[in-house]
Amino acid sequence: MSTIKPFDFMVKYQQQKDWIDGRGNFIAFAFFLGGIAGGLFLAAAYFDNLLGIFIAFLLTGLMGVSYMLHLTHPMRFWRMMSKPGTSWIARGFTFIMLFGFFTVITMILMQWAPDATAAITTFKVLAGIFAFAQSIYTGFAVSYVSAIKIWNSAIVPILFVTCGISGGLAILLAVMMGQDSTNIAALENIIRVVLIAFAIIVAVYLWNATYSSTAARDAVIRLIGGALAPLFWIGVFLFGILIPVVISVTTYWVHDASSGLLIFAVVSEIIGGLALRFAVLKAGVYTPLLPAE
Amino acid sequence: MVTKAKDEQLNQKTRVGLSVKGNPEIWDDTYVNTTCGGCYGQCAIRAHRVNGVIVKIDGDPNSDFGPRGGICAKGEAMIQALYDPNRYNYPLRRTNPKKGLFEDPKWKRISWDEALDEIAVKLKKIRAENPHKLLHGGTPGPGSGPDLPLGFGVFGAVFGTKNWYVGGAGLHCGSGSHMGAGLYHASWSIVPDFKYCNYAIQMGSNKGTGSGHSMGFNMRLAADARSRGMKNVVFDPICNFGGGKATEWIPILPGTDGIVALTMVNIILNELNVYDTEFIKIKTNGPYLIGPDGKYVRDKKTNKPLVWDAKDKKAKVFNDKTIGDFAILGEYEVNGVKCHPGFELIKEHVRRYTPEMAEKESTVPAATIRRIAREWADAAMIGATIEIEGEKLPLRPVAAIMFRGGQGHTNSAHSYIAMCLLNAIVGAMDVPGGTLGWPAYVEGHPETGRFRMIPYACKDGMLTAGSFMEHRPWPIEESKVPYTYLMKELTPTASFSPQPVTSDFDKYWDKLGRPYKVELAMIFGANMIRSTQSREIAEQFWKKIPFIVTFNILPNEFCEGFADIVLPDNHPLETYSLFGTHGPFFNHPIGMEGWDFPIRQPVVEPAYERRNKLEALWDLADRIGMREEMNNYYNVYFTSFGGEALIGGDIDSIRHLGDIDPKKVVQIIKPNEKITYGEMIDRALKFYFGEDHGLDYVVKNGPVKWPKTPKEAYWRWYVDVRIPLYMEHVAELKENVMKNAEKAGIELDWEQFTPLTTYFSPQVSKEISGEYDLYCFSYRDILHNGTYTMEMPWLDEVSRLNPYTYNVTMNAEMAKKKGLKDGDLICLESPYGRKTTGTLKTMQGQHPQTVAISACSGAWAKGAPIAYGKGTNFNILLESDFKHACPVCWSQETASTVKVYKIDHRIEYDGAGGDKL
Amino acid sequence: MRWGMAIELKRCVGCYECVLACKAEHFLPPDIFWNRLLIGEQGKYPQVTKLIYSVRCNHCADPACVKVCPTGATQQREDGIVWVDEDKCVGCRYCMVACPYQMRSMYEDGKSQYFPGQELTEHEKIGKVLYPHMPGVVTKCVFCKERIDAGLAAGLTPGVDREATPACVISCPTKAIHFGDLDDPNSEINRVIKEKHGHSFHPEFDTQPSISYID
Ligand code: SF4
Ligand code: SF4
Ligand code: SF4
């Protein structure tokens with residue numbers, strides 16, 4: 001994939017690689033997990049679904065593992081909280097820690113002190129705040145990078161968080177279907193709205209990027225017509241948007257949809273979310289340092 | 001000196017100038033003044049040694065001999081050649097009797113005694129039978145080049161062989177340019193006076209942009225000039241090094257520079273009518289009267305050439321003090337024949353070169369040629385003067401130069417001289433701002449008066465160098481029936497010969513009755529198989545030499561394929577050298593840069609059994625009873641080279657000892673003495689610069705230096721010498737050369753033996769036809785020199801970062817037309833069926849009809865793993881025979897006609913034995 | 001005090017010595033470059049200009065890399081030099097991603113050598129003593145801070161005295177690189193930048209590079 005010749009380094013548009021190649025795969029994965037974990041927590045908390053919250057917690061743990069795999073000196077991970085004043089990674093890491101902490105308390109209370117509603121609500125809200133933070137920070141970590149024009153957009157955090165929430169909702173749907181919950185219809189409605197919002201945000205994001213700079217336009221071209229097109233069209237568009245939307249919409253009319261179809265939508269949505277992280281990270285290009293031809 | 005002391009003091013206390021982390025124990029932190037061996041430049045450097053290891057190379061900030069504190073990447077990377085684990089560490093003997101391009105030598109380690117004894121037996125036998133049976137020479141590898149004359153040159157001269165083969169006639173060097181620079185500047189080569197020049201024209205040359213000899217100080221001076229705003233017009237097929245830094249790059253077809261230069265001369269002389277009459281009258285043979293036979297009309301009594309005194313209206317001998325005004329135009333009758341001044345003939349002769357005709361041949365637009373000619377004539381400021389250090393001198397701030405690329409063709413001599421005419425007609429030769437030869441005029445060290453070399457007037461008043469080292473000095477030798485393998489004696493105007501490594505040598509040698517057979521070849525440093533002509537032609541020749549000895553530091557294709565014994569040489573950082581910086585005309589700083597005499601000394605001791613090749617040669621001399629003769633020769637050499645003993649003449653005069661005044665030969669080495677190289681350098685330095693300027697002084701203080709005077713820098717008007725604008729001697733020679741050539745069955749392009757500088761189409765363009773539609777040439781990349789630099793990992797790393805170094809380049813449009821794109825593996829095939837392959841990189845800055853390759857790449861030696869398979873070997877494509885050589889100076893045709901197509905693998909590595917490519 | 005460079009493009013011939021001087025000075029492992037040459041062309045045949053830029057970390061006054069570093073390993077000194085504390089770097093590569101000029105690299109393979117599969121050279125061996133590099137951390141040009149610090153301590157002036165000046169600057173054969181204090185209005189480097197209209201890479205990234213280029 002990385003066919004750039006050594007002598008084209010920063011002479012031509014230079015694809016971002018540190019957060020995608022090799023170990024870099026893990027950071028993309030971590031961002032994805034963080035996003036859906038946050039989204040799932042929020043959804044599960046809304047529907048008071050302890051299992052969902054627990055899965056969100058597990059996914060966050062998995063995000064931590066993925067993060068560690070990304071680091072070359074993981075034993076120094078604690079240093080990553082040193083500079084929350086300026087660094088989104090430091091902030092994010094703090095969010096994750098706090099989210100984990102409050103979620104554990106929430107879960108303990110929900111399981112063993114279900115009557116302490118005030119406390120539960122307090123911690124749920126606290127955990128919810130950090131769930132949201134954890135979900136959205138991955139977007140900020142990316143959008144903060146002014147060097148990469150296609151990342152450096154206020155839409156990215158929204159995009160990431162929407163993607164996280166839709167993924168989270170999808171997982172919750174699966175959980176609730178397993179539990180034969182009665183709230184599925186309500187959840188489905190939310191999912192429909194979120195998915196359509198997501199599709200719109202993706203479109204706005206790309207359309208906006210083509211206007212913002214030549215580097216961003218170069219990135220968009222790579223995404224929709226270049227080397228990244230399969231990832232974008234199959235991963236993001238087909239799995240992330242088209243299939244879930246079609247299924248959601250059809251289930252809206254055909255009320256008695258099979259749960260198999262819905263599960264398929266869920267899996268599809270998760271693949272789409274992952275593809276989106278990879279697509280955005282891969283599409284990151286740096287502006288050459290030599291004057292343009 | 002002060003800086004050095006300061007350095008030492010600082011380094012001891014605080015380790016200033018050394019990046020270290022933590023607190024490592026440091027027991028040695030020393031700067032050693034020495035010279036770089038990365039190329040001929042021999043820049044003055046300071047090697048930084050820490051705990052016994054050379055950690056970094058710095059330029060010597062106090063020496064003009066180089067970039068004054070700077071250095072180039074090759075110089076830095078020399079550290080890696082020094083510590084290369086692939087180096088030859090012991091004498092080796094070939095055990096595989098088969099020789100050939102890809103043969104594995106199956107080396108066996110032997111002792112120095114065993115090696116030298118074996119060679120000595122052969123040498124003794126040969127010397128008794130016929131010394132010419134020894135062929136020796138080389139082209140410089142790291143640390144080898146500069147010792148060329150002092151080591152092998154002297155050894156061969158004393159031994160008695162004239163078979164001195166320098167390899168690759170014009171391939172890495174300039175046969176035409178050395179001939180021309182010798183004739184017109186008493187020097188090795190030419191360069192703009194960067195300090196004062198305002199308008200420099202470069203034709204196929206990268207001087208000032210990082211290649212060529214003396215690239216060190218040239219880079220520095222040229223950068224100053226560019227920064228100051230000097231206009232730099234570069235005619236070159238490629239916009240890479242010279243072209244890349246030009247203020248105007250003008251793409252041109254290879255080998256057609258001559259017609260552009262002649263056209264400009266025509267415009268200047270016949271349309272603009274601006275020329276430096278005074279220079280032409282006083283400094284050239286322009287006024288010499290030429291008879292109907294094309295030769296000088298000579299005075300009956302003195303046999304000296306005649307000129308026409310326009311004031312007295314009569315013919316006089318050229319140096320008659322009573323001449324009132326030299327006529328350079330017109331027709332006269334003298335000695336009963338109609339005759340014209342040489343200048344008049346030239347002026348009329350060049351009328352045929354119209355810009356339109358030049359455009360057709362070279363593709364340079366006629367309008368561009370017209371404009372450049374006008375700009376040049378304007379910028380020349382004929383008549384202007386400048387005062388430098390109290391001396392009033394002519395100021396001619398224009399310079400035209402050419403080097404290998406421009407003159408590496410079958411029209412080498414004429415192309416180069418055409419370019420020289422541009423300088424001559426405006427008087428821009430060895431005056432401020434003009435074209436300078438490397439220093440030809442040294443008045444000597446202020447304390448001793450030695451190291452004195454002053455050009456003088458030889459036959460017919462012609463400029464002749466005051467040292468032996470100059471190409472084709474006067475008097476021009478007579479043509480002889482070839483008796484050496486090189487056959488150069490046939491054409492005394494030839495610089496380097498492609499013979500005998502050609503496809504037609506045997507034909508001529510047969511015709512001559514095979515007078516003898518070379519039995520032993522001693523080659524140093526060189527890669528005679530990869531850096532010269534088509535490797536198949538070379539293979540055929542070297543395979544048949546019964547015994548080959550090479551001195552080298554690193555394995556290469558020649559050693560592996562053909563050497564019987566390899567002797568491990570010293571790397572420049574572990575040995576001495578004197579000659580590298582011995583010749584001012586070769587690589588000393590130009591213009592008002594100071595006299596500066598750096599010496600190479602060991603920075604680290606040679607490891608294993610590596611030895612300095614000079615000392616090894618002396619051991620050989622001892623074994624064959626030749627040491628005394630060599631010692632005597634050295635005495636003659638030193639005392640005539642810048643000493644008092646030379647009366648006049650060239651290396652031959654030393655060989656014949658004819659021009660040496662024996663009374664003035666100082667005995668620097670006693671006949672039976674066995675001294676070391678270090679001692680020899682010490683004595684030579686003391687001889688030149690006085691007792692207190694020996695080796696100790698240089699080791700402690702760095703180079704011996706003294707200021708240059710304006711008279712030395714710009715000597716042209718201080719010596720009463722003339723240059724041959726009209727090449728009468730070529731006409732003189734023709735008859736005898738033809739006669740002698742016939743005896744060997746040699747056919748040359750006799751038309752080129754004309755005294756009037758003429759444009760001849762190069763062989764490469766004659767071979768363009770049908771699908772063979774492109775010109776392929778090689779250029780010297782700034783990162784590489786010879787073939788050995790390819791084995792240095794740092795250079796390899798940065799070569800890979802460079803878009804062009806390891807790739808074959810073509811014009812982007814042309815590539816598209818041929819259905820080729822970046823990254824394609826392409827094959828280049830010559831009309832003779834020779835093929836080489838490489839990866840395509842397209843460029844905008846390249847003439848559409850050309851394909852370019854960085855020289856000397858494409859290694860296949862198994863002992864050089866870093867170099868293996870990198871880049872493309874261009875030389876594979878080159879024919880080597882008289883048809884592809886300039887008849888006058890014998891430069892090889894260094895461009896090849898090719899067709900280009902896609903291919904699936906690198907066919908030239910089939911059978912190489914290393915990794916499949 | 002704020003150290004900076006001004007690079008005269010007219011002078012530079014693309015010899016790569018600045019790259020190798022840095023390699024030698026800091027014993028950089030294979031494939032690690034603290035500085036590079038970027039080579040390209042501008043225009044269409046036959047009106048073509050070759051471009052050569054010697055690039056390295058810009059030691060930005062407002063460095064993106066420092067801001068994004070979560071551990072504080074990448075930091076800026078009083079004199080503007082941006083460097084990485086090897087002992088603090090976790091290897092998250094955020095700084096590498098954030099640098100608009102891509103002047104940072106990760107030293108991943110601690111075992112790489114210049115003659116692969118053969119013995120280490122003396123130069124490599126002594127490098128591991130004099131200037132060891134820790135694998136798995138981000139590395140970059142340090143503006144030769146060791147030379148500057150030792151030089152200043154010895155009373156020398158960086159940019160004037162060789163021993164106190166970065167290795168790539170003093171080794172350039174064309175004297176293309178000027179070095180000095182950007183905060184000193186009378187410094188040679190400020191004069192050059194002003195007189196010859198220095199400009200830096202991509203001002204739109206707002207990092208305020210300390211390296212300017214002069215056409
Ligand atoms: S160039 Fe890059 S690495 Fe250097 S200071 Fe600026 S942002 Fe940081
Ligand atoms: S300033 Fe020093 S560390 Fe930076 S690139 Fe130059 S030599 Fe390397
Ligand atoms: S050392 Fe100087 S001339 Fe050479 S590439 Fe670097 S900046 Fe250019």
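Lettering of chains follows the sequences in order, A, B, ..., and the numbering in each one begins at 1.
Between chain C and the options A/Phe7, A/Trp88, A/Tyr144, heavy-atom pairs under 4.5 Å are most frequent for A/Tyr144. Across A/Asp8, A/Ile27, A/Val11, A/Ile89, the residue that shares the most heavy-atom pairs under 4.5 angstrom with chain C is A/Ile89. With respect to chain C, the highest number of heavy-atom pairs below 4.5 Å among A/Arg76, A/Met81, A/Met10 belongs to A/Arg76.
A cation-pi contact, defined as under 6.0 Å to the ring centre and within 45° of the axis, is absent between A/Arg277 and A/Phe29. Cation-pi check for C/Lys23 over C/Phe33 is met; the charged atom lies under 6.0 angstrom from the ring centroid and within 45 degrees of its normal. Judged by the 6.0 Å distance and 45° axis criteria, A/Arg217 is not positioned over the aromatic ring of A/Tyr211.
Relative orientation of the A/Trp151 and A/Trp19 rings is parallel, given thresholds of 30° and 60° on the angle between their planes.
For C/Leu38, the parts lying under 4.5 angstrom from a heavy atom of chain A are both the backbone and the side chain. Only the backbone of A/Phe77 comes within contact range of chain C, with heavy atoms under 4.5 Å apart. Proximity to chain C (any heavy atom under 4.5 Å) is shown, for A/Pro84, by neither the backbone nor the side chain. Contacts of A/Arg91 with chain C are absent, with no heavy-atom separation under 4.5 Å from either backbone or side chain. Of the atoms belonging to C/Glu86, it is backbone heavy atoms, and not side-chain ones, that fall under 4.5 Å from chain A. Neither the backbone nor the side chain of A/Met75 has a heavy atom closer than 4.5 Å to any heavy atom of chain C.
Atom NZ of C/Lys194 has 12 or fewer heavy atoms from other residues, nucleotides or ligands within 6.0 Å. Atom CD of C/Glu78 has 12 or fewer heavy atoms from other residues, nucleotides or ligands within 6.0 Å.
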Please walk me through it: do A/Phe130 and A/Phe101 pass ring pair (Phe, Tyr, Trp, His ring centres under 6.0 Å)? CA-CA 10 Å; A/Phe130 289 107; A/Phe101 176 73; 9.9 Å; no
Q) Going through the checks in order, is the ring pair (Phe, Tyr, Trp, His ring centres under 6.0 Å) test met by A/Tyr286 and A/Tyr13? A) CA-CA 6 Å; A/Tyr286 297 98; A/Tyr13 285 107; over 10 Å; no
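With hydrogens and angles left out, the side-chain atoms of C/Asp215 and C/His199 include a donor and acceptor closer than 3.5 Å. In summary, the side chains of C/Ser210 and C/Trp3 do not present any donor paired with an acceptor at a separation below 3.5 Å, with no hydrogens or angles considered.
Contacts of residues 87-123 of chain C with chain A at a heavy-atom distance below 4.5 Å involve C/Asp87, C/Lys88, C/Cys89, C/Val90, C/Gly91, C/Cys92, C/Arg93, C/Tyr94, C/Met96, C/Val97, C/Ala98, C/Cys99, C/Pro100, C/Tyr101, C/Gln102, C/Met103, C/Met106, C/Glu108, listed in sequence order.
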